[in-house]
**Q** 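Attaching a single structure in structure tokens format; questions to follow.
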There are 2 protein chains.
Amino acid sequence: MTEMRAVVVDTPNEIAKSNNDLKLSTIPKPTIKSGEVLVKIVAFGVNRMDLLQARGLYPLPPQAPKTLGVEFSGVIVDVSENSSWKIDQEVFGLAYGGAYAEYIAADQNMILEKPDYLTHIQAAGICENYLTAHQAIKTIGKIKPGSDVLIHAGASGVGMAAIQLARHYGAKNVFTTAGSDDKLNTTKSLPLGATHGVNYRTQKFDEEVLKATQNKGVDIIVDMVGQSYFNANINALAKDGHMIMLGVLSGMVAKEVNIGPIIFKRLHIEGSTLRSRPAEYQGGLLKDFKNCALAEVGKTFDLKIHKVFKWTDIAAAHDCMSNNENTGKIVVTVD
Amino acid sequence: MTEMRAVVVDTPNEIAKSNNDLKLSTIPKPTIKSGEVLVKIVAFGVNRMDLLQARGLYPLPPQAPKTLGVEFSGVIVDVSENSSWKIDQEVFGLAYGGAYAEYIAADQNMILEKPDYLTHIQAAGICENYLTAHQAIKTIGKIKPGSDVLIHAGASGVGMAAIQLARHYGAKNVFTTAGSDDKLNTTKSLPLGATHGVNYRTQKFDEEVLKATQNKGVDIIVDMVGQSYFNANINALAKDGHMIMLGVLSGMVAKEVNIGPIIFKRLHIEGSTLRSRPAEYQGGLLKDFKNCALAEVGKTFDLKIHKVFKWTDIAAAHDCMSNNENTGKIVVTVD
């Protein structure tokens with residue numbers, strides 16, 4: 001068998017105009033190289049970058065195949081020579097692309113063994129949210145017990161993962177922002193939830209943070225909002241604080257930035273996208289996450305899966321995200 | 001003897017209106033606490049922050065005494081119990097203040113033994129420039145052999161130290177900016193000098209950097225210019241590049257900052273001031289500098305001492321810096 005089914009963008013130039021351009025079709029089945037394992041995919045997660053990629057709007061890393069999909073869970077069906085992985089092992093992991101398919105040639109460092117207490121549907125929705133949050137909070141932000149943390153867009157997938165990880169790593173105050181009290185309540189009602197919610201429509205988050213910390217500010221900010229928050233983020237940071245920038249939802253041009261406090265407060269500002277990182281980095285991150293936090297996922301940590309779609313309904317799955325209907329992960333099963 | 005001579009600001013509110021308000025006078029001689037040694041000062045370095053402090057314009061760290069002076073060289077005349085330092089050892093080091101005096105109670109972690117081949121005048125001029133540059137290039141910037149580096153204000157004391165340290169640590173291209181070809185020639189004619197000079201009056205440094213690196217950009221930027229360079233710095237940085245901000249000579253408010261590349265290029269932006277750091281940090285930095293680079297100072301590294309003043313001429317020493325007459329260190333001897 002040298003072919004398999006996969007989701008393709010069914011237009012002449014392979015750029016989608018609408019979610020209905022996503023169709024199941026037949027493409028060549030991948031073959032594994034040294035250092036890879038072949039995984040039969042059971043479920044994959046849907047991410048906003050998939051929507052952008054389908055429309056030709058995502059800057060792809062050079063390793064990415066053209067098939068969508070950056071996280072999956074499934075069963076190993078072939079291994080390369082000298083692999084420590086075995087056929088029939090159940091695994092989940094990260095990919096540069098190619099997860100919207102029956103099979104994926106996965107880098108053996110970018111997968112973890114799926115714990116028995118997690119289903120493939122649960123495991124398929126872990127990696128992007130939790131590894132992105134773990135990278136921000138721990139690898140870059142260097143969280144310590146007692147740290148004060150501010151997570152923007154707290155009701156997003158990455159936001160909820162970051163809130164729970166921050167609490168798991170011993171954060172004292174975990175502030176979060178959202179645009180409605182409903183969303184703030186969702187972030188606060190997690191078993192390891194936010195301790196303070198700030199509704200950005202009615203409150204200024206830097207003022208609230210400084211008030212609640214006796215003007216100290218927060219040690220770590222995880223931001224995906226960008227330009228409209230940049231100045232207030234600098235204002236809300238404590239001495240030696242870290243701002244980790246993961247996105248620019250509000251735009252890229254910050255006006256009138258007061259850079260003095262970057263020096264006087266010795267701030268660290270660092271940007272990152274997980275998908276652009278080399279396999280060794282992603283592999284190291286997965287191992288660290290496994291050692292420090294994986295055991296909590298689906299137990300203390302609430303995974304918040306919004307809805308599971310069959311892959312024959314892939315257009316509906318993308319519609320759900322396009323329309324911002326979800327508060328939690330969208331997972332798709334491969335039959 | 002419980003008194004000593006020191007430079008004081010001889011005005012009713014101890015804030016100088018002119019450099020002539022700096023006078024020699026008598027103040028209490030410091031006594032040492034556990035972890036300190038008493039040093040009889042032979043020479044001290046003059047720094048721009050001393051001029052600001054004399055005018056009441058420098059935000060002092062809480063540990064700072066009111067006497068000026070953050071670097072010195074001298075002879076140990078008293079040690080606290082269990083000290084590994086010995087009376088009569090010749091040392092040089094960093095201080096939160098108090099170096100414009102006959103004696104200083106120095107933190108035992110913030111001094112190094114003076115090598116025999118350096119005079120006290122040379123040793124007094126090392127710490128602020130070289131430790132600030134070492135912190136930027138190595139501790140924060142994580143320089144590696146082959147790194148491309150951009151040092152702004154290359155003809156300044158910190159600038160020349162950073163250029164030479166970068167070359168010492170194996171940098172490939174070392175770009176520097178200055179406002180005259182004379183200054184650029186000074187930076188390029190150092191034994192371990194800049195490889196590329198950019199005259200900011202006639203050239204755009206980001207364009208020159210990108211041209212010379214085939215659009216890769218530089219891995220490390222050391223900046224003390226601030227607002228007017230902020231955007232071009234972001235533009236000139238390579239993927240995973242570090243911008244270390246040490247000053248804001250041009251001002252603090254960057255008008256329109258394109259923050260997108262901070263994420264897409266995974267940039268690190270970090271501010272620092274050496275004087276605000278805890279003694280353990282400064283001590284660690286001194287030890288690392290001693291192990292990695294001290295042996296080159298005064299040998300491969302050109303120390304560039306502009307002029308030596310007697311401390312009875314302290315006003316003239318400050319005039320020299322106020323008037324920007326120096327291209328190199330101003331050192332003052334204590335008789």
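Worth saying up front: this structure is predicted, and the values here are computed from it rather than measured.
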**Q** I'd like to verify something: which residue of Ile259(B), Ile262(B), Val253(B) has the highest number of heavy-atom pairs under 4.5 Å with chain A?
**A**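 Max contact count across the listed options: Ile259(B).
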
**Q** NZ of Lys142(B) to NE2 of His268(B): how many Å apart, nearest 0.5 Å?
**A**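 Taking NZ in Lys142(B) and NE2 in His268(B), the distance rounds to 8.0 Å.
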
**Q** Looking just at side-chain N and O atoms, do His134(A) and Asp288(A) make a donor-acceptor pair shorter than 3.5 Å?
**A**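 Judged by distance alone, the side chains do pair up.
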
**Q** Please collect all salt bridge (Lys or Arg N to Asp or Glu O under 4.0 Å) contacts where either partner lies in residues 271-281 of chain A, sequence neighbours excluded, each pair once.
**A** Arg277(A)-Asp240(B)

**Q** Mind ranking Leu267(A), Asn231(A), Thr273(A) by heavy-atom pairs under 4.5 Å with chain B and telling me who comes out on top?
**A** Leu267(A)

**Q** Per the side-chain hydrogen bond (donor to acceptor under 3.5 Å, both in side chains) rule, what does the pair list look like for residues 152-161 of chain A, sequence neighbours excluded?
**A**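 Non-adjacent pairs meeting side-chain hydrogen bond (donor to acceptor under 3.5 Å, both in side chains): His152(A)-Thr177(A), His152(A)-Asn233(A).
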
**Q** Met243(A), His242(A), Lys265(A), Met245(A): which one forms the most heavy-atom pairs within less than 4.5 Å of chain B?
**A** Met245(A)

**Q** Which bit of Ile140(B) comes within less than 4.5 Å of chain A, counting heavy atoms only: side chain, backbone, both or neither?
**A** neither

